[in-house]
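What follows is a set of notes on a single structure, which appears directly below.
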Amino acid sequence: MNDAPIGVFDSGLGGLTVWSELRRRLPRESLLYYGDGKNCPYGDKTREQVTEAVDFAIRRLVDRGVKLIVVACNAATAMAIDHLRAAYPIPFVGLEPAVKPAALSSRSGVIGILATAATLRGKLFRETSRRYEDRVRIIARVGEGFVELVEQNRERTEEAYRRVERLLTPMIEAGADRIVLGCTHYPFL
Ligand code: DGL
């Protein structure tokens with residue numbers, strides 16, 4: 001077995017939700033985490049800005065000898081994974097919002113997607129949504145301020161509660177029976 005570490009990358013703390021799942025499922029693997037707190041949040045940045053920041057971080061992980069990198073960030077996957085796969089000779093595993101399982105398991109025919117603006121703009125999300133939109137109604141919204149709340153350790157505050165409620169209530173009233181957390185920061189909320 002190749003005992004080089006697996007790199008786990010996110011714009012900040014959100015990828016720790018993926019890191020802890022990897023830890024549980026692959027207890028023998030060594031994991032190297034890189035959170036790009038300096039450039040977080042990625043959600044409002046252009047493709048060029050995100051690609052530049054991601055490339056800088058990935059190069060650091062590659063220099064440390066990782067054998068594979070999990071891009072534990074939906075926004076970075078949407079904006080930069082094609083570039084990474086072309087630029088580096090190691091495998092990349094990306095993340096995208098779980099539209100398929102939500103669409104296939106919904107009974108009401110309405111699903112809600114929460115993600116950053118960068119993810120919702122991305123080709124991956126648009127193509128996957130198109131594939132399921134004759135089966136379910138998809139209500140996609142940006143979790144405004146969610147990433148900042150998590151990065152600033154304010155995810156259990158009254159403000160966080162109000163922001164989540166403001167976004168979810170209309171989805172639930174519209175009949176959504178599945179809500180997809182399409183950003184690795186959001187499970188902290
Ligand atoms: N955690 C990232 C994601 O999964 C994005 C957070 C950000 O906007 O930087 O999309």
Side-chain angles (χ1 to χ4, degrees), residues 6-25 31-61 66 68-85 92-102 111-129 138-157 159-160 163-164 166-168 171 178-189:
I6 293 175
V8 183
F9 168 74
D10 180 45
S11 64
L13 301 173
L16 291 173
T17 55
V18 178
W19 178 87
S20 56
E21 197 56 28
L22 290 168
R23 185 73 295 143
R24 197 174 67 76
R25 288 177 185 239
L31 304 176
L32 191 56
Y33 188 84
Y34 190 127
D36 186 11
K38 183 169 168 241
N39 293 302
C40 190
Y42 282 179
D44 305 328
K45 294 189 165 53
T46 64
R47 176 181 299 277
E48 290 69 30
Q49 289 168 325
V50 172
T51 303
E52 193 185 335
V54 172
D55 189 81
F56 181 88
I58 294 301
R59 195 169 292 281
R60 303 283 144 331
L61 285 171
V66 297
L68 172 154
I69 293 179
V70 178
V71 182
C73 176
N74 295 262
T77 301
M79 297 285 111
I81 200 131
D82 290 344
H83 162 76
L84 297 176
R85 288 183 173 141
F92 287 90
V93 179
L95 253 67
E96 67 170 310
V99 175
K100 180 179 174 183
I111 64 171
I113 315 285
L114 301 179
T116 66
T119 299
L120 298 182
R121 268 202 322 272
K123 185 167 74 120
L124 262 178
F125 175 72
R126 281 184 288 116
E127 283 177 2
T128 312
S129 309
I138 298 174
I139 307 173
R141 296 284 179 272
V142 174
E144 291 295 351
F146 284 15
V147 170
E148 290 85 343
L149 285 167
V150 172
E151 288 291 321
Q152 294 159 10
N153 203 16
R154 290 192 291 133
E155 68 271 17
R156 290 180 195 280
T157 58
E159 183 193 350
R163 279 184 185 267
V164 171
R166 210 178 303 138
L167 214 56
L168 287 189
M171 287 185 175
R178 298 286 182 272
I179 305 287
V180 174
L181 302 180
C183 168
T184 53
H185 281 74
Y186 296 179
F188 283 117
L189 292 160

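Numbering of residues begins at 1 and proceeds along the displayed sequence. Only heavy atoms go into these numbers, but all of them, side chains included; no hydrogens, no water, no symmetry mates. Remember, it's 1-based here, ligands and their atoms both numbered in the order they're listed.
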Anything under 30° is parallel, anything over 60° is perpendicular, the rest tilted; go ahead and classify Phe9 against Tyr42.
tilted
Which residue and atom name correspond to the protein heavy atom nearest [atom], and how close is it?
atom                    : result
atom 2 (C) of ligand 1  : Cys73 SG, 3.2 Å
atom 3 (C) of ligand 1  : Asn74 N, 3.2 Å
atom 7 (C) of ligand 1  : Tyr42 N, 3.3 Å
atom 10 (O) of ligand 1 : Ala75 N, 3.0 Å

Residue portion contacting ligand 1 (non-hydrogen atoms closer than 4.0 Å) for [X]:
X      : result
Ser11  : side chain
Val147 : side chain
Leu95  : neither
Thr116 : side chain

Are more than 12 heavy atoms, taken from residues, nucleotides or ligands other than Glu148, located less than 6.0 Å from that residue's CD atom?
yes
Cation over ring face, Arg60 and Phe56, 6.0 Å, 45°:
yes
If the contact criterion is a heavy-atom separation under 4.0 Å, does Gly14 count as touching ligand 1?
no
Should Arg163 and Leu167 count as side-chain neighbours, where that means a heavy-atom distance under 4.5 Å?
no
Heavy-atom distance to atom 8 (O) of ligand 1: which of Cys40, Ala115, Gly37, Gly43 wins?
Gly43
Is a donor on one side and an acceptor on the other found under 3.5 Å between the side chain of Arg47 and the backbone of Met79?
yes
Does His185 form a side-chain hydrogen bond (donor to acceptor under 3.5 Å, both in side chains) with Glu151? I'd like the steps, not just the answer.
CA-CA 8 Å; His185 281 74; Glu151 288 291 321; 2.6 Å; yes
Starting at OG1 of Thr116, measure out to OH of Tyr186 and round the result to the nearest 0.5 Å.
6.0 Å
Under 4.0 Å from any heavy atom of Asp10, which atoms of ligand 1 are there?
1 (N), 2 (C)
